[in-house]
Asker: 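Sharing a structure below in structure tokens format, with a few things to ask.
When a ligand or atom number is given, it counts from 1 through the structure's own listing order.
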Amino acid sequence: MKAASIFIAASLAGVGYSQPAKQKNSTIYNPILPGFNPDPSCVFVKEWDNTFFCATSTFLAFPGIPIYASKDLQNFRLIGHAFNRPEQLPAFGNITGQQQGWYAPTLRYHNKRFWIINSCVGAATGYWSTPDPYRNDAWTNVTPTEIPGYDPDLFWDADGTVYSAFAKTVQTDPFTTEIHQVNISMPSGNTTIDRFLWNGTAVQPPEGPHMMLKDDYHYLLLAEGGTAQAHQVTIGRGKSAQGPFEADPANPILTAYNTTEYFQTVGHADLFQDAAGNWWGVALSTRSGPEYETWPMGRETVLYPAKWEEGQWPVLGGPVKGKMQGPLPPPNRNIHGSGAFIKDPDYYKFSPGSPVPSHFSYWRFPKTDNYVVSPRGHPNTLRLFPGRANLTGDAAFIPTDGITFIGRRQTDTLFTYSVDINYTPSVFGEESGVTLFLTQNYHADLGIVRLNKTGNYLRFRAEGPNAPKQTVVSVSQKWCEQGMTLQIQAYNTTHFSFSAGPKGGPIKQVATVPATLVSNGFTGSFVGVYATNNGNALGKTPSYISNWVYQGQGQYIGDGEFYPSNGQRS
Ligand SMILES: *[C@@H]1O[C@H](CO)[C@@H](O)[C@H](O)[C@H]1NC(C)=O
Ligand SMILES: *[C@@H]1O[C@H](CO)[C@@H](O)[C@H](O)[C@H]1NC(C)=O
Ligand SMILES: *[C@@H]1O[C@H](CO)[C@@H](O)[C@H](O)[C@H]1NC(C)=O
Ligand SMILES: *[C@@H]1O[C@H](CO)[C@@H](O)[C@H](O)[C@H]1NC(C)=O
Ligand SMILES: *[C@@H]1O[C@H](CO)[C@@H](O)[C@H](O)[C@H]1NC(C)=O
Ligand SMILES: *[C@@H]1O[C@H](CO)[C@@H](O)[C@H](O)[C@H]1NC(C)=O
Ligand SMILES: *[C@@H]1O[C@H](CO)[C@@H](O)[C@H](O)[C@H]1NC(C)=O
Ligand SMILES: *[C@@H]1O[C@H](CO)[C@@H](O)[C@H](O)[C@H]1NC(C)=O
Ligand SMILES: *[C@@H]1O[C@H](CO)[C@@H](O)[C@H](O)[C@H]1NC(C)=O
């Protein structure tokens, strides 16, 4: 049978079928945007050299809303951030809640501009745009809009009307929503009073709407069931953008609910077409298995093939897996820009004149003076000045105090992250080191700390329910002066280790933590460095970070199977 079908496919190709040449299937490796990259929204833009662009949620991480570009749907380069400077929305810097900030963006291309609309929970909802997604400074400031809800969509109808559908909270316990809609007038951002649009399929809460016009139908793609195990993709359609909508009898059209798939929580989809006319979908997913206990990378972006025949409902090619088949465009890493490819390792020396890599993140707006590459007298280092508050913060902490933290996403199931640190704290409370950071409420830190008169110690301390007890080990003055290597490793799929030693010398494990510590909420883990004086205003000693290395050592995709990380040395 297999041979026969290959023969038929080959003979159709041979007679020069008028359809676009049938592309061969190749292997889709999921996630396409590994690590903390939830709520993907993607467009394919022919005018920009046949490139796919995707945006994802960032909550309190800054810069916010990364824009990733790809020509083959497998290699995605970070080309910039839609939210990259405080002037765009100053109120972001004052958000208190660790689960607030930039929720699900909608990315669209219209009238030669790229547009984002998004809710910054705790601050404002608004839209903004750029004529050039490769230039951070070309993004406008946020135009605030009166949208009484979250997950706003942006849709230009055939008559030019701009609509935004969004999720409006009806009640909080249990949490229920309805999809509502406003018209937006541009450029003022004024909106009409919102109206009810659709309830979806009554699997509460409907969210994440995206409207699409195809073959005279207005389609409304939704996320239902909430972002955990019951997450699902549903769709409805109607003749008008204002509804009413009938539900696809095949709903949910994609979900991992009630399955044993390793890729769970599949939902919050977006759909787009490639240059050859193939349809594709993205969604968020957590690599957790149905147990849904260990998922330190949070909600990641996955890809799956789709079919959408004229006048028909779209058919999404699930279940989502770590290896799938589909007619991918040919491999192509020729993407403009200098940002990192999301799956690539880090080897940073912080050499003089080099920028802070664009995929490094802060938590809220950074105090930029606290992070200086190769300051005078200290070439090839990143100098950190301590924040008053530590990564947790105390009762007196206000968001604009800032924390001194800079990290990169955990993008591989297994990885080794290490830095060298030159740091001799001299004032009680001073501390600097490496952290596995989810939010200010969930992190694990290994730092050099001045504990008392006797001197400096290595301290492992974690924050979060069931956090392991702290570990304190003395370090010699000589080690501080000559520098130390600090390391975090995901040594298996469920545990991280924290190790230290003299710079370049042998390192020793100080502590381990289960990844469940950082499997929580809407965000995903970072690994990075921090500095604080733990509230002692006298503590101003800088720490100097060098030789920043992050190397993936395998992507786990379930059933005992891994595929290699990019650049992995075997
Ligand atoms: C943020 O908080 C700071 C300090 O409390 C205050 O000065 C500033 O006005 C606030 N900014 C906004 C945009 O709310
Ligand atoms: C929204 O725009 C549509 C299409 O132009 C129009 O029919 C409708 O009346 C508008 N809604 C409101 C509330 O103005
Ligand atoms: C937008 O709304 C404001 C406040 O209601 C009003 O003053 C302004 O004229 C409106 N702008 C447009 C272009 O409708
Ligand atoms: C939508 O759901 C709400 C409950 O959230 C319900 O009160 C309302 O009647 C529903 N509307 C329609 C048109 O089904
Ligand atoms: C999953 O199982 C629950 C409980 O049996 C059921 O209510 C729900 O409809 C199922 N959903 C899907 C998408 O399989
Ligand atoms: C290509 O993969 C799709 C699933 O995405 C499958 O339905 C189809 O049969 C495959 N085609 C070939 C020629 O293998
Ligand atoms: C430092 O962290 C500890 C524990 O996480 C916390 O109790 C304390 O308040 C924090 N101190 C400051 C100054 O942020
Ligand atoms: C300093 O702290 C360490 C670690 O907690 C402890 O072992 C040591 O006794 C302390 N020294 C003084 C002088 O308090
Ligand atoms: C990872 O290692 C820890 C011990 O450090 C062990 O308890 C755990 O079961 C291991 N996880 C797996 C999936 O093997």
Side-chain angles (χ1 to χ4, degrees), residues 145-148 152-166 168 174 179-186 188-197 200-206 211 213 218 220 222-235 238-244 247-261 263-269 283 285 290 292 316 318-320 425-431 433 446-461 469-477 480 500 510-511 534 536:
T145 51
E146 283 293 324
I147 290 180
D153 180 50
L154 198 53
F155 171 73
W156 281 263
D157 206 0
D159 68 0
T161 308
V162 189
Y163 292 98
S164 178
F166 58 92
K168 184 172 189 174
I179 302 300
H180 281 223
Q181 185 185 54
V182 293
N183 300 13
I184 303 181
S185 69
M186 288 186 174
S188 69
N190 285 2
T191 54
T192 58
I193 303 280
D194 65 299
R195 75 182 84 85
F196 172 83
L197 192 61
T201 64
V203 179
Q204 284 291 343
M211 188 171 277
L213 178 60
H218 286 84
L220 192 60
L222 298 186
E224 296 194 59
T227 199
Q229 293 102 311
H231 212 200
Q232 45 200 278
V233 181
T234 60
I235 197 164
K239 289 288 184 186
S240 159
Q242 299 175 64
D248 182 347
N251 281 329
I253 54 175
L254 186 68
T255 187
Y257 192 22
N258 300 332
T259 71
T260 57
E261 296 294 335
F263 285 74
Q264 287 284 315
T265 77
V266 173
H268 204 114
S285 172
Y292 195 57
L316 310 189
V320 167
S426 56
V427 174
F428 172 75
E430 288 186 325
E431 175 179 359
L446 177 63
I448 302 165
V449 56
R450 183 78 175 188
L451 274 184
N452 54 32
K453 285 210 185 92
T454 35
N456 296 328
Y457 293 84
L458 255 179
R459 179 172 65 187
F460 169 81
R461 182 161 75 162
K469 283 211 305 281
Q470 73 169 40
T471 306
V472 176
V473 186
S474 61
V475 289
S476 68
Q477 185 73 5
C480 286
V510 177
N534 281 295
N536 182 351

Asker: For ligand 5, find out whether one of its N or O atoms is nearer than 3.5 Å to an N or O atom of N258.
Answerer: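 Between N258 and ligand 5, an N or O pair is found under 3.5 Å apart.
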Asker: Could you list the residues that satisfy ring-ring contact (aromatic ring centres under 6.0 Å, His included) with F428, not counting sequence neighbours?
Answerer: none
Asker: For ligand 8, which atoms, with element, lie under 4.0 Å from some heavy atom of N452?
Answerer: 1 (C), 2 (O), 3 (C), 8 (C), 10 (C), 11 (N), 12 (C), 14 (O)
Asker: Can you check whether I147's main-chain N or O pairs, donor with acceptor, with T145's side chain at less than 3.5 Å?
Answerer: no
Asker: Which class fits the ring pair H268 and H231: parallel under 30°, tilted 30 to 60°, perpendicular over 60°?
Answerer: tilted
Asker: At less than 3.5 Å, what protein N or O atoms come close to the N or O atoms of ligand 2? Include the distances to 0.1 Å.
Answerer:
| from | atom 1 | to | atom 2 | distance (Å) |
| --- | --- | --- | --- | --- |
| ligand 2 | 2 (O) | N183 | ND2 | 2.3 |
| ligand 2 | 5 (O) | T161 | OG1 | 3.0 |
| ligand 2 | 11 (N) | N183 | ND2 | 2.9 |
| ligand 2 | 11 (N) | R195 | NH2 | 3.3 |

Asker: Which of these passes side chain to side chain contact (heavy atoms under 4.5 Å, CB included) with Y457: V473, N452, T471?
Answerer: N452
Asker: Determine yes or no for a side-chain-to-main-chain donor-acceptor pair under 3.5 angstrom, with Q229 supplying the side chain and T259 the backbone.
Answerer: no
Asker: Determine the minimum heavy-atom distance between G429 and V449, stating which atoms define it.
Answerer: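 Reported closest heavy-atom pair: O-CG2, 4.5 Å.
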Asker: Students often mix this up, so state it plainly: with edges at 30° and 60°, are the rings of F196 and H180 parallel, tilted or perpendicular?
Answerer: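 Rings of F196 and H180: perpendicular, as their planes differ by over 60°.
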